[in-house]
Amino acid sequence: MATDQASRTSGDPVALLETIFRDAFGTVLGDAGRDADPLVRTGRNPQFGDYQVNGVMGLAKQARTNPRELAGRIVEAAAGALDAIAEPAEVAGPGFINVRLKSEALAAMLDDFDTPRLGLAPDADTRPIAIDLCGVNIAKQMHVGHLRSTIIGDTLARVMERCGRTVHRQNHLGDWGLTIAMVLQELRDRKADLDALSLDDLDAAYRAAQAANDDADRAKQTLIRLQQGDDELLRDWRKIIDVTMRAVYESFDLLGVRLGPENNRPESFYRDRLDAVVEEFLAAGLAETDQGAIIVRFPDRKRPLIIRKSDGGFLYSTTDLAAVKYRVQELGACRVIYVVDARQRDHFRDVFDAIRLIGWDRLADGDTAQLVHVPFGSVLGADRTPLKTRSGENVPLSALLNEAIDRATTEVRKRAAVPDSPTHDLSDETLASIGRAIGIGAIKYADLSSDLVRDYVFNLDRMIAFEGNTGPYIQYAHARVCSIFGKAGLELDEDLRRLGPYVIREPAEKTLALALLRYPGVVRDVAESLEPHRLCTYLFELANAYSAFYENCPVLKAEGEARRHSRLRLCHIVRRVLADGLDLLGIDAPTRM
RNA sequence: GCGCCCGUAGCUCAGCCGGAUAGAGCACCGGUUUCCUAAACCGGGGGUCGCAGGUUCGAGUCCUGCCGGGCGCGCCA
């Protein structure tokens, strides 16, 4: 019976308890109770049970009754349904309800959870989602500023894809502004051979062009010719895009992000739509001419949004309006997510509000698309100012990645040199690929593991440490689990369900089982909140729960076959959750390191 | 000047639409251990949650004001 109940929720006890208590609330309080959220939470303190129901106290206030007494009646109403999976619930404190799962129910839930999907059912909503990420500029090297947008965006995309969603990753390349015209102008002045151009040459031309802004008028002329479709200029323009993107794709490859040419929706993609954007705002009476420019005003702030300059040119705001419209109306995205630097908060607030004013957030099905900016903080150097080289320039991304990889590879080789090390027999090539996985994992995890809006100091020593809440620590935990299967004579990806049921007896086993069952909820939570650090925190806690389990519960030497098989299955599912979680973070999980 | 964000242990950070005694890692101090075990383990000290009010049965969490730091603010992106 417990198995039947649990299987309806793919082994997610929180969902199951929510159903049970929602029913009980309804029985006791009618519709008011049924509509309320029971607020089922995992217990923070084992002494108060495995799960607690916190929703009673709020309801008692509304119903003007004694919360403890109400909790008692709800426990009574839930008792029948609860009996299959839990010990009798207890009322505690001012009106908490504490629930302790029966160990057979826990075992049954784990069994349901033990599938390739790891308990994560696809979302009922199948509409696509658009994520704006990366946003590199043509003629510039990728630098640390693009790192965060790229890896955060890729992670959010992976999480949502894991929830069964179609995600349109949109790389909004900066390929069409005045700066590009300036670079083109600079290169023509130099009579540069565009077929032999390196990215360093381009970068130099970009900086030279920026320095020489006395030529702004000539650059504007160049821009106008480019926008009018001058053949020669367009040809050169495509060449500098090629040079830039070749290096960008190399960085994507090294970083292991799922981005390629198919994700490119550069500014130029929208160039034929910009006139219409301005026209429609004017026609709707939402835009006005002011000092020669065309602006959108908002009722609640002084700052207007300029959508066309007084010289007739368009701005990034115009392009962003066109892009949101495209993503909602043509891609059908019910969420349009921008993973962009926190400094652009005001900009996105204005753009999104303008979209709402004109109604371009309306989907074909009548719903309103959610427009959301995911703001992230800056990467700082040791001096706590934004990371720059000594000469004051942006640090190229490749330099950062290579340093991390070098450090990690050195560490891996050092460990492999020890004769009885598990990596001692690996080829140099394999060790190098492990080093790459650890170096990249360290950088990504450091970027994703704390609240995104906070600035953080780029500190390789801390990132690459094998202790604490770091990428290498999680990878290490995974590799250690892997080593058990070899000793047990099992393959890593073998289906171990044939070994028989889970047996949950020891406290460390129970803690581990409860941690495992939280996984689907955590993934859904990240998809909803857009806060990847919650997944990092979870993986760290799971790794710790596993560590305590492994310390306290013999696996290979467990007494009795049933217990040994159950523990092997626990190891097996821990390995898969760690690997799956790391994959959602875009981090490789080597089996040895 | 206006606006936004941040302020939790010595350091780096968690704290799940307000919920029980505010947690973890690193560092520090004390103890245990050579195990199926690739990061050893257990315990301890350390906090007026920036400050002051307010709402609430209950506030690190919500509201108001202030302090400190960061960022943004009409034709760059």
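- With sequence neighbours excluded, the residues satisfying side chain to side chain contact (heavy atoms under 4.5 Å, CB included) with A:His572 are A:Phe485, A:Leu496, A:Arg576.
- Outside the 6.0 Å centre-distance limit, the rings of A:Tyr473 and A:Tyr445 are not counted as a close aromatic pair.
- Using atom C1' as the reference point in both B:C28 and B:C11, the two lie 12 Å apart (nearest Å).
- Within the nucleic acid shown, A:Asn459 has no heavy atom closer than 4.0 Å to any nucleic acid atom.
- Considering A:Phe21, A:Phe25, A:Phe96 in turn, A:Phe25 is the only one that fulfils the side chain to side chain contact (heavy atoms under 4.5 Å, CB included) rule with A:Val56.
- Within the nucleic acid shown, A:Ser547 comes within 4.0 Å of at least one base atom, counting heavy atoms only.
- At a threshold of 4.0 angstrom between heavy atoms, the contacts of A:Asp300 with the nucleic acid are absent.
- Straight-line distance between the C1' atoms of B:G46 and B:A59: roughly 24 Å, to the nearest whole Å.
- Within the 4.5 Å cutoff, the side chain of A:Tyr206 has no heavy atoms near those of the A:Gln141 side chain.
- Near RNA chain B, meaning a heavy atom under 4.0 Å from it, residues 374-384 of chain A has A:Arg384 in order of number.
- Taking the centre of each ring, A:His347 and A:Tyr316 come in below the 6.0 Å mark.
- Evaluation of the salt bridge (Lys or Arg N to Asp or Glu O under 4.0 Å) rule for A:Arg407 yields A:Asp461 as partners, not counting sequence neighbours.
- Here, B:U21 and B:G60 have their C1' atoms 15 Å apart, quoted to the whole Å.
- Straight-line distance between the P atoms of B:G43 and B:C26: roughly 14 Å, to the nearest whole Å.
- Base contact: A:Glu551 has a heavy atom under 4.0 Å from a base atom.
- Across all strands shown, A:Ser450 has heavy atoms under 4.0 Å from sugar-phosphate atoms exclusively, and none from any base.
- For the residue pair A:Arg265/A:His172, the side-chain donor-acceptor check at 3.5 Å is not satisfied.
- Nucleotides of RNA chain B nearest to A:Asn544 and A:Gln47 differ in position, and the one nearer the 5' end is that of A:Gln47.
- When heavy atoms are screened at a 4.0 angstrom cut-off, A:Cys553 is found touching base atoms of the nucleic acid.
- A gap of 13 Å separates the C1' atoms of B:C63 and B:G18, to the nearest Å.
- At the heavy-atom level, A:Arg592 lies under 4.0 Å from base atoms of the strands shown.
- Under the 3.5 Å distance criterion, with hydrogens and angles disregarded, a donor-acceptor pair is assigned to the side chains of A:Asp175 and A:Ser268.
- Distance noted for atom C1' between B:C35 and B:G25: 25 Å (whole Å).
- Using a 4.0 Å heavy-atom distance criterion, A:Thr537 is classed as a sugar-phosphate-only contact.
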So what is the 5' to 3' dot-bracket string for RNA chain B, if pairs are Watson-Crick or G-U wobble with both distances under 3.5 Å, crossing pairs use [ ] and | means the partner sits on another strand?
(((((((..((((.....[...)))).(((((.......))))).....(((((..]....))))))))))))....
What pairs of donor and acceptor atoms, side-chain ones from residues 545-562 of chain A against any protein atom, are under 3.5 angstrom apart with sequence neighbours left out?
from, atom 1, to, atom 2, distance (Å)
A:Asn552, ND2, A:Ala548, O, 2.8

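- Nucleic acid contact class of A:Ala342 (heavy atoms, under 4.0 Å, all strands): none.
- Taking 4.0 Å as the cut-off between side-chain N and carboxylate O, A:Asp290 and A:Arg297 count as a salt-bridged pair.
- At a threshold of 4.0 angstrom between heavy atoms, the contacts of A:Asp37 include nucleobase atoms, whether or not backbone atoms are also involved.
- Nucleic acid contact for A:Lys302: none, since no nucleic acid atom lies under 4.0 Å from a heavy atom of the residue.
- Taking a heavy-atom distance under 4.0 Å as the criterion, the stretch of RNA chain B touched by chain A extends 5' to 3' from B:C4 to B:A77.
- Between A:Met182 and A:Thr222, the closest side-chain pair of non-hydrogen atoms is not below 4.5 Å.
- Using a 4.0 Å heavy-atom criterion, one finds that A:Thr385 contacts no nucleic acid atom at all.
- If you check every strand for non-hydrogen atoms under 4.0 Å, A:His347 touches nothing.
- Of the C1' atoms belonging to B:U8 and B:G68, the separation is 16 Å, rounded to the nearest Å.
- At the heavy-atom level, A:Ala488 lies nowhere under 4.0 Å from the strands shown.
- When the nearest nucleotides of RNA chain B are assigned to A:Trp176 and A:Pro422 by heavy-atom distance, the more 5′-ward of the two goes with A:Pro422.
- A distance of about 11 Å separates the C1' atoms of B:G7 and B:C51, rounded to the whole Å.
- Taking a 6.0 Å sphere around CZ of A:Arg301, one finds it holds more than 12 heavy atoms contributed by other residues, nucleotides or ligands.
- More than 12 heavy-atom neighbours from other residues, nucleotides or ligands sit within 6.0 angstrom of CD on A:Glu393.
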